[in-house]
Trainee: 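Sharing a structure, written as structure tokens. Questions coming.
Numbered from 1 within each chain, the chains take letters A, B, ... in sequence-line order. Any value given below was found using the heavy atoms of this structure, including those in side chains, with hydrogens, waters and symmetry copies removed.
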Amino acid sequence: MKIKYAAVFLILGLAILAGICFGTEFFSIPRLFSLSEIDKTILFRLRIPRLMAGFIVGAGLSVTGAVLQAILKNPLAESYTLGISGGASLGICIGVLLGRVTVIPYFAFLGAVMSIMIVLLASIKRRFSNPTVILLGVALNFLFSSFVLFVMAVIRNEQFQSTMLWLIGDISYFPGRLLAAGMVSITAISLFLVFSGRVYDIMSLGDEKAVSMGLNMEREKKLALLLCCVIVGFCVSLAGIIGFVGLIIPHITRFFFGPSHKRSLPVNFIAGGSFLVIADTAARTLIRPVEMPVGVITGFFGGLFFLAILLKGRYREMW
Amino acid sequence: MLYIKNMSFSYGREKILKNLSAEIKDGEFFGIIGPNGSGKTTLLKVMTKILKPSSGSIMLNGKDIKKIPALQYAKSVSFLPSEIEVAFSYAVGEFVAMGRFPYTGRYGNMSAADRKKVMDVLEKFEIGSYGSRKIQELSDGEKQRVFLAQAIVQEPSVIILDEPTSHLDIGHSFRILDIIKDLNRSGITVISVLHDLNLASEYCTRLLMLKNGEIFSQGSPEEVLTYANIEQVYQTKVLVYKNPRSGKPYVFGIPAGLLTGDR
């Protein structure tokens with residue numbers, strides 16, 4: 001077990017190092033110790049904030065993915081497949097239309113809450129099975145994305161390209177204050193979720209068992225969903241819609257560290273953050289000097305991962 | 001003592017349970033029987049506070065259970081549903097330890113006493129040797145034993161079971177009921193829905209027979225399991241003899257093709 005934890009921190013270290021060194025401009029380790037003024041600007045104004053944003057978004061998405069999978073008892077649940085990210089993006093779009101840039105995270109949160117409510121109400125009313133809930137989420141995502149694209153295309157033609165990137169998931173532009181607020185909120189909420197890990201263990205046993213163990217199911221479910229919406233709201237505000245991180249990382253973490261949430265959620269935080277930093281570094285460097293949106297990389301690996309689960313028929317085993 | 005007092009339960013407009021009254025004394029092995037859809041599971045869910053009665057009440061040791069906080073109630077009453085679909089591949093040890101939730105609360109920090117209780121139960125149920133195995137790898141018989149262990153780690157004075165033998169063969173059925181009987185002897189009140197009338201007859205001290213959400217008959221197995229009762233409630237012809245070893249009623253079903261002549 002100790003070796004596994006050491007490996008996680010090693011990956012974190014490598015991710016940070018890669019995020020700092022690689023890019024359009026390569027920084028060798030000796031160069032890091034004799035920085036010119038321009039180098040400092042690149043490093044402290046661009047790379048490190050972007051690294052921090054990538055980390056906190058990856059961490060937030062992985063933790064919410066793990067929690068959503070437990071409380072909905074659905075192995076394919078995450079903010080992207082449930083349409084929560086799409087809802088948040090629609091909220092942001094409306095916020096931008098109203099010209100209130102400072103309150104964008106609130107709009108993102110409201111959009112996220114709206115979409116999770118649609119998903120939950122519809123799936124309870126219609127008694128949807130797990131895969132059907134995911135189809136509903138994906139359908140909502142398409143709907144919201146097309147609405148966002150429509151609005152952006154009509155209103156500001158010149159920003160069409162950047163909106164497109166943002167819908168795929170891109171960590172190239174975000175205000176500094178938003179990064180600070182996101183880091184504080186996502187870290188605090190993640191800590192709370194880690195400490196409440198036992199609650200999500202119990203919830204994963206099903207409603208009847210959980211209630212008979214004295215868990216206030218209704219309250220805990222609402223609380224967890226709201227907290228997930230806050231995290232996703234910040235993630236989407238910072239980096240747009242990044243899919244599949246919240247799906248892949250929790251499954252891999254569970255495979256190595258077991259399903260207990262007290263143990264696996266902290267690992268999700270660190271591993272998810274590291275994964276997105278590495279993915280973003282790859283996105284920045286693979287076809288230099290052109291930068292890809294990070295969503296291209298996560299989508300690629302996420303798609304492969306999804307396919308592997310389906311084709312190998314290991315849908316059940318992945319838990 | 002669990003006292004069900006003029007209790008009804010409706011789901012929407014449909015009345016599922018109609019004005020039930022029963023008294024379950026401490027130390028009883030209380031069986032609930034009845035045909036499919038007669039309200040057995042619903043009755044259990046009301047007793048475990050999963051569902052709220054529409055009218056009437058249930059009292060635990062003289063106190064209305066709706067006034068007992070959920071965590072505190074879970075320290076007195078534990079529940080084993082007929083199906084537990086375990087979503088994740090928990091190890092047996094950590095799975096059983098979850099039963100301490102009412103004591104550790106939402107942050108789930110286990111004290112040395114909590115840990116010791118878990119170890120004791122693992123040993124008592126003879127599952128300590130596979131504490132690190134995954135739940136999914138176990139056979140149905142082993143799983144049921146683990147589920148029961150989790151319910152017992154809760155240290156209940158009353159354990160409520162919904163068809164604890166439904167997935168088990170005759171050998172495993174008797175073994176799990178023997179374990180439950182032992183728990184019962186050690187002072188835990190057992191309330192169980194049982195589909196198999198003969199198992200109910202062998203193990204229960206008292207039976208409650210439901211038909212369409214109403215109590216049809218209540219009493220000792222000898223009083224309840226008469227052919228007249230069973231024929232009316234289950235709409236099928238049966239013969240009732242005595243088990244030569246235990247002297248308890250034993251119910252024989254009769255295929256329709258053989259229904260000729262007198263009993």
Trainee: Counting only heavy atoms not in B:Lys75, do more than 12 sit closer than 6.0 Å to its NZ atom?
Mentor: yes
Trainee: How far apart are the closest heavy atoms of B:Phe88 and A:Pro259, and which atoms are they?
Mentor: CB-CB, 3.3 Å
Trainee: Can you confirm whether B:Lys181 is buried at NZ, in the sense that more than 12 heavy atoms of other residues, nucleotides or ligands lie under 6.0 Å from that atom?
Mentor: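 Enclosed: over 12 neighbouring heavy atoms sit under 6.0 Å from NZ of B:Lys181.
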Trainee: Measuring heavy-atom distances to chain A, does B:Lys134 have an atom under 4.5 Å in its side chain, in its backbone, in both, or in neither?
Mentor: neither
Trainee: For B:Ile50, is it the side chain, the backbone, both, or neither that has a heavy atom closer than 4.5 Å to a heavy atom of chain A?
Mentor: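 Both parts, heavy atoms under 4.5 Å.
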Trainee: Please identify, among A:Asp207, A:Val194, A:Leu215, the residue contributing the most non-hydrogen atom pairs under 4.5 Å to chain B.
Mentor: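 Top count of heavy-atom pairs under 4.5 Å with chain B: A:Leu215.
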Trainee: Just so I know, are the side chains of B:Asn109 and A:Lys262 near enough to count as touching, which here means a heavy-atom distance under 4.5 Å?
Mentor: yes
Trainee: Got more than 12 heavy atoms from elsewhere within 6.0 Å of CE, B:Met119?
Mentor: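 For B:Met119, atom CE is not crowded (no more than 12 foreign heavy atoms under 6.0 Å).
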Trainee: What part of A:Asn216 gets closer than 4.5 Å to chain B, counting heavy atoms only: side chain, backbone, both or neither?
Mentor: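 Neither part; nothing is under 4.5 Å.
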Trainee: Taking atom types as modelled and ignoring hydrogens, do the side chains of A:Ser204 and B:Tyr90 form a donor-acceptor contact shorter than 3.5 angstrom?
Mentor: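 B:Tyr90 and A:Ser204 do have a side-chain donor-acceptor pair below 3.5 Å.
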Trainee: As an exercise: rank A:Gly214, A:Ser260, A:Gly258 by heavy-atom pairs under 4.5 Å with chain B and give me the winner.
Mentor: A:Gly214
Trainee: Are more than 12 heavy atoms, taken from residues, nucleotides or ligands other than A:Lys4, located less than 6.0 Å from that residue's NZ atom?
Mentor: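 Yes, the 6.0 Å shell around NZ holds more than 12 heavy atoms from other groups.
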Trainee: List the atom of A:Glu208, the atom of B:Phe79, and the distance in Å for their closest heavy-atom pair.
Mentor: OE1-CE2, 4.1 Å
Trainee: Is the number of heavy atoms from other residues, nucleotides or ligands within 6.0 Å of OH (A:Tyr5) greater than 12?
Mentor: yes
Trainee: If I compare all heavy atoms of A:Phe192 with all of B:Tyr107, which pair ends up nearest, and what's the gap?
Mentor: CE1-OH, 3.9 Å
Trainee: Do you know which of A:Gly197, A:Ala210, A:Ser196, A:Gly206 has the most heavy-atom pairs with chain B at a distance under 4.5 angstrom?
Mentor: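 Answer, by heavy-atom pair count under 4.5 Å with chain B: A:Ser196.
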Trainee: Does atom CD (B:Glu123) have a neighbourhood of more than 12 heavy atoms from anything else shown, all under 6.0 Å?
Mentor: no
Trainee: Against chain A, label B:Tyr73 side chain, backbone, both or neither, depending on which of its atoms sit under 4.5 Å from a heavy atom there.
Mentor: neither
Trainee: Answer yes or no: are there more than 12 heavy-atom neighbours, outside A:Phe269 itself, under 6.0 Å from its atom CZ?
Mentor: yes
Trainee: Output yes when a side-chain donor or acceptor of A:Lys209 lies under 3.5 Å from a complementary backbone atom of B:Val86, and no otherwise.
Mentor: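 Checked: no pair found.
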Trainee: Ignoring hydrogens, what is the shortest heavy-atom contact between A:Leu205 and B:Gln150? Give both atom names and the distance.
Mentor: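 The pair with the smallest heavy-atom distance is CD1-NE2, 3.6 Å.
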Trainee: So for B:Glu94, is it side chain, backbone, both, or neither that comes closer than 4.5 Å to the heavy atoms of chain A?
Mentor: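 Both backbone and side chain.
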Trainee: Is any side-chain heavy atom of A:Arg198 closer than 4.5 Å to a side-chain heavy atom of B:Arg106?
Mentor: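 Contact flag for A:Arg198/B:Arg106 side chains = no.
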Trainee: Could you check whether atom CD1 of A:Ile3 has more than 12 heavy atoms from other residues, nucleotides or ligands sitting under 6.0 Å from it?
Mentor: no
Trainee: When you check the gap from the basic side-chain N to the acidic O, do A:Lys73 and B:Glu85 get nearer than 4.0 Å?
Mentor: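 No salt bridge links A:Lys73 with B:Glu85.
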Trainee: Rounded to the nearest 0.5 Å, how far does CD of B:Gln154 lie from OG of A:Ser212?
Mentor: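 So the gap between those two atoms works out to 6.0 Å.
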Trainee: Measure the shortest side-chain to side-chain distance between A:Ile202 and B:Met98 over non-hydrogen atoms and say whether it is less than 4.5 angstrom.
Mentor: yes
